[in-house]
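All ligand and atom numbering here is 1-based and tracks the order in the structure. Quick note: residue numbers are just sequence positions, from 1. Predicted model only: the values in this text are computed from it and were never measured.
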Amino acid sequence: MQFIDLEAQYKHLQVRIDARVQAVLNHGQYIMGPEVRELEQQLADYVGVKHAITCANGTDALTLALMAMEIGEGDVVFVPSFTFFASAEAVAFVKANPVFVDSDATTFNMCAQDLERKIQAVQAEGRLNIKAIMAVDLFGLPASYPEIKCIADKYDLQIIEDAAQGFGGAIQTSEGTQRAGSFGCISTTSFFPAKPLGCYGDGGAVFTDNDEYAELIRSYRVHGKGRDKYDNVRIGMNSRLDTIQAAILLEKLAVFPDELIKRNNVASQYEALLSSKYITPQVPMDYISSWAQYTLRAENSVKRFDIMAKLEDCGVPTAIYYGTCMHQQAVFKTIGKCYGGCPISEKLAETVFSLPMHPYIDQDGYDAVISALLG
Ligand SMILES: *Cc1c(COP(=O)(O)O)cnc(C)c1O
């Protein structure tokens, strides 16, 4: 059994992906070829935003978002402590300071109450400019944007959505379904192979409805280009998505809605089989998860390793996302601030473990998981 079975997915899509890649090899426009534009249009349509701008990876996507917002030295960005390193790394990379926010014990996403506490703590100190909230759609579940938006409006902060794991997730509102990638003034995603929508290498994208941000990001992505790439009007980076990766993503995006249903079926199966004995992940009403991870909690760290060992014996791979909170990372000791700690994040880091999650889990797979966890 695979933790994320990219081979099964490729077998399913092989004919179509091979043909798309061959088409790129035939036309030879490896950089910013027609597939890149085609993909950007389809991504914008799917997410429901005006602009989708692809780039080299999800970390660059965050950096590009921060650069477009002119966030830098002396600025604070509020980031969840329980996330992948890149969220906070991008903030530090542009020389701003991440302030770490505790997790909600049920959703594992940024806790809105702690967010407000931390905003007030930074304000009271009066040394740094509060600029933005970077919310992360952890494990595929959109952060609690209705609450976060109220706080952002109250303190005049912008929202950046890190949807690296969240692509495909959504919140149902009175106006319809709002998809992940549309909750920030600027939102980002990653196409790292293991993400819900992955390519066969590195890739990422930035989403926005704001024309000025879109123009800036298109410029920063290609050496700060002005009229063309030899007219350089700002210091940028080299962060384009390869045409071959765009071609692969076009075929994967075509089956993505179907795969999203399958991922949700896997989660429902796990829930039905495991909820009597384990603390299973809960999706709040009106939320849709893209299930980047299916994550359980053990009672404590010793029991976690016992359970994981038992799963390994039954041939079921598991992983820990994440064993270290951001405020516990040595590199953030001086750049990052925590204002009173993140106790729930710490508890999660000690107890979480993730089960195999992908659209192609078969009955043998479920049987192995169940016999290890319930046997
Ligand atoms: C994967 C990930 C990123 C970074 O994406 P890359 O494409 O690997 O650079 C950023 N934030 C979160 C939450 C992620 O899971």
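- Using cut-offs of 30° and 60° for the angle between ring planes, the Tyr270 and Tyr366 rings count as perpendicular.
- In summary, the aromatic rings of His51 and Phe207 are positioned with their centroids too far apart to meet the 6.0 Å limit.
- Of the N and O atoms on the side chains of Glu271 and Thr280, at least one donor lies less than 3.5 Å from an acceptor on the other residue.
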Are any protein N/O atoms closer than 3.5 Å to the N/O atoms of ligand 1? If there are, list each pair with names and the distance to one decimal place.
residue  : atom   : partner : partner atom : Å
ligand 1 : 5 (O)  : Ser190  : OG           : 3.4
ligand 1 : 7 (O)  : Gly58   : N            : 2.7
ligand 1 : 7 (O)  : Ser190  : OG           : 2.6
ligand 1 : 9 (O)  : Gly58   : N            : 3.3
ligand 1 : 9 (O)  : Thr59   : N            : 2.8
ligand 1 : 9 (O)  : Thr59   : OG1          : 2.5
ligand 1 : 11 (N) : Asp162  : OD1          : 3.4
ligand 1 : 11 (N) : Asp162  : OD2          : 2.7
ligand 1 : 15 (O) : Gln165  : NE2          : 2.8
ligand 1 : 15 (O) : Lys195  : NZ           : 2.6

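- The cationic group of Arg117 does not satisfy the cation-pi geometry with Tyr339, failing either the under 6.0 Å distance to the six-membered ring centre or the 45° limit from the ring axis.
- In this structure, Lys195 forms a cation-pi arrangement with Phe84, its terminal cationic atom sitting closer than 6.0 Å to the ring centre and no more than 45° off the ring axis.
- Residue Asn300 holds its CG atom at 8.5 Å from OG1 of Thr351, rounded to the nearest 0.5 Å.
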